[in-house]
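Some notes on the structure that comes next.
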There are 2 protein chains.
Amino acid sequence: MSGDRARKKEQTRRVLIDAAFRQLSAERSFASLSLREVTREAGIAPTSFYRHFQNMEALGLTLVDESGLTLRQLMRQARQRIESGGSAIRTSVETFMEFVSENENVFRLLLRERSGTSRDFRAAVAREIAFFSLELADYIDSVTQRGHEFSRIQADAMVILVFNAGAEALDMSTAQRKKLVEKTIRQLRMLDAGGAVYMKRFQNLGNSNSGE
Amino acid sequence: MSGDRARKKEQTRRVLIDAAFRQLSAERSFASLSLREVTREAGIAPTSFYRHFQNMEALGLTLVDESGLTLRQLMRQARQRIESGGSAIRTSVETFMEFVSENENVFRLLLRERSGTSRDFRAAVAREIAFFSLELADYIDSVTQRGHEFSRIQADAMVILVFNAGAEALDMSTAQRKKLVEKTIRQLRMLDAGGAVYMKRFQNLGNSNSGE
DNA sequence: GATTTAAGCGAACAGATGTACGCTAATTTA
DNA sequence: TAAATTAGCGTACATCTGTTCGCTTAAATC
C-alpha cells in the first residue's frame, strides 16, 4: 500500500513538534531546549531527529509557523464574534486574551522569538504580526474610510498594545487579567478617538513635519 | 593600605560585567552565555567567577539593574531637552531612539529578559519600565490635569509603543529607522489627541462598562 | 517474490559545561 | 613582624551536548 510509510513519518514528525510545544513553559524557552530533550520527550532516539528536521532551528521555524496558524484562527473567531454584535474593541481584546490563556506556550513562543537570537525567527514572527495588523487595518479602514496608510498606523499601534497586554497577562492572576483587559480596552479607545481627531488635524496641516 | 584588595575586587567584578555586556548581540542573548564564555572574555579563570557572583543568574540581574540605570539617565536627558523647547512627543521619541542606537545591547537585554525564562528577570525589567512609565504619567498629568489614573493608562500605552519601536529599530537600516520615528510620533499623537476626547466621554458616561 | 528504499536505533566520540577542591601569593589584621 | 584572610588559578570530574556511522526491519517498487 502506498503512503503508509509517509503517513507514519508525518506522524512522528508531529510527535516531535508536540513534544517541543509541551516543553515550552514560563521557565523554558525554545532556545533552551536541546535536541536530545525534545527526542526524549517524544520517545524517539536522538539520531532519528534528523530524519525529520535538519536541525533545531528548522523545528523552531515550524513551531513559529504553526503558532501563526493558530493566530489566524483566532482572528477568524474574533471577526465572527464582532459580526454577531458587540463592541469591536472589547470583543477583540477579550478574544485575544482568551487565546493567550488557552495557548500560553504558543503565545510565549511568538513573544520570545520576536526578540530572539535568530534573524529568521524574528522575521517569521514579524510576518505573523504584520498579517494580523494588516487585517485589522483593512477592517478599520472599511469602517472609518480614513485611508489605508493612516489606518495601518493606527492598527499597528493597537496590535502592539494588545500583544503587550497578552505578555503582561502571562504573569498575572485571573483577577489581575480582568483589570488588564479593561485597561487595554481604554487604551484602544483612546487610539480610536484620537485617530479621528488626529486625522483631521493631519489633513488640515498637510503632511508637514514642522515641529511642535 | 586598607581598601586595596576591595578596590581590586570591585575592578574584576566590573571586568566580568563588561565582558558579559560585550558578548550580547543580535545573535547572542544573555541566556545563551555560559559562565566559561564570560570568564574567557574577561580573561579570568572560570572558578574565579564565584568570588564575585553566586551564579550566572546573579550576574544577569546585575546587568538588568545597570541597564535600568542607563534608562534613567536617558529619561533625565529627555526631560532636559523637552524643557529647552520643542515638541515633547518628538523629543521623547527621538531621544529614546538615540539611546537604542547607542546602547543596542543594553536595550536588547531589557527587551529579551522582559519575556525571558527567569521570573526575577522579568520582574526586574517590568520594574524599570514601570518607573519609566510613572515618570511620564506624572508629566502628562501635570500638563493635562486629567487625573493620575487616567494619565497612567495613557503613559503606559505610550511607553509600550516607544519600546516596541525601539525593538523594531534594531533590525532596521538608518533610513528605515527615520520612517519608524515618524510613524511612532503619529501613534503617540493619536494617543494624545484621543486622551482628551476619551476623557470627556469617560466622564460623561461614568465608569460603566456597558457594551458598544 | 526479489530488490530497493528509508525510518528508527544504539554505540561511540569529541567537545563543552558547571562546579568542588586545594594551592599560591598578596593584602589585611593583630 | 607573624598570623589570618582571600582573590585568583589549575586540575579534575561527572554530565550533557550534537552528530557520525552502520545496522535492522518494514514498506515501496519492480
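Computed from heavy atoms alone, side chains included, the values below leave out hydrogens, waters and symmetry copies.
For the residue pair A/Ser101 and A/Glu98, no side-chain donor N or O sits within less than 3.5 Å of a side-chain acceptor on the partner.
Atoms CZ (B/Arg13) and P (D/dG8) sit 12 Å apart, rounded to a whole Å. Atom CD in B/Glu10 sits about 12 Å away from atom P in D/dA7, given to the nearest Å. Between B/Asp4 atom CG and D/dT6 atom C1' the separation is 13 Å, expressed in whole Å. Atom pair A/Lys8:NZ and D/dT25:P shows a separation of 15 Å (rounding to whole Å applied). Taking atom NZ of A/Lys9 as the reference point, atom C1' of D/dT25 lies 17 Å away to the nearest angstrom.
Using a 4.5 Å heavy-atom threshold, the side chains of B/Leu134 and B/His148 count as separate.
Out of D/dA7, C/dG8, D/dA27, the shortest distance to the side chain of A/Arg5 is found at D/dA27. Across D/dT6, C/dA7, C/dC9, the shortest atom-to-atom separation from the side chain of A/Ile44 is found for C/dC9.
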Taking only N/O atoms, report every protein-nucleotides 17-24 of chain C pair under 3.5 Å with atom names and distance.
unit_1: C/dT17; atom_1: OP1; unit_2: B/Ser34; atom_2: OG; d: 2.9
unit_1: C/dT17; atom_1: OP2; unit_2: B/Arg40; atom_2: NH2; d: 2.7
unit_1: C/dG18; atom_1: OP1; unit_2: B/Leu35; atom_2: N; d: 2.8
unit_1: C/dG18; atom_1: OP2; unit_2: B/Leu35; atom_2: N; d: 3.4
unit_1: C/dG18; atom_1: OP2; unit_2: B/Arg36; atom_2: N; d: 3.1
unit_1: C/dG18; atom_1: N7; unit_2: B/Arg36; atom_2: NH1; d: 2.5
unit_1: C/dG18; atom_1: O6; unit_2: B/Arg36; atom_2: NH1; d: 3.1
unit_1: C/dT19; atom_1: OP2; unit_2: B/Tyr50; atom_2: OH; d: 2.5
unit_1: C/dT19; atom_1: O5'; unit_2: B/Tyr50; atom_2: OH; d: 3.2
unit_1: C/dT19; atom_1: O4; unit_2: B/Arg36; atom_2: NH1; d: 3.1

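The phosphate of C/dC9 (OP1 or OP2) has a side-chain N or O of A/Ser48 nearer than 4.0 angstrom.
B/Gln23 pairs in a side chain to side chain contact (heavy atoms under 4.5 Å, CB included) with only one of the listed residues (B/Asp18, B/Asn105, B/Val38), which is B/Val38.
Nearest-nucleotide positions on DNA chain C place A/His52 closer to the 5' end than the other of A/His52 and B/Ala6.
Figure legend: B/Arg79 and B/Tyr139 shown without cation-pi pairing, the cationic atom not lying both under 6.0 angstrom from the six-membered ring centre and within 45 degrees of its axis.
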Practice prompt. Apply salt bridge (charged side-chain N to carboxylate O under 4.0 Å, His left out) to A/Glu104 and A/Arg108, showing your working.
Written response: CA-CA 6 Å; A/Glu104 294 210 349; A/Arg108 261 192 262 267; 2.9 Å; yes
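Ring centroids of A/Phe21 and A/Phe30 are separated by 6.0 Å or more, keeping the two rings apart.
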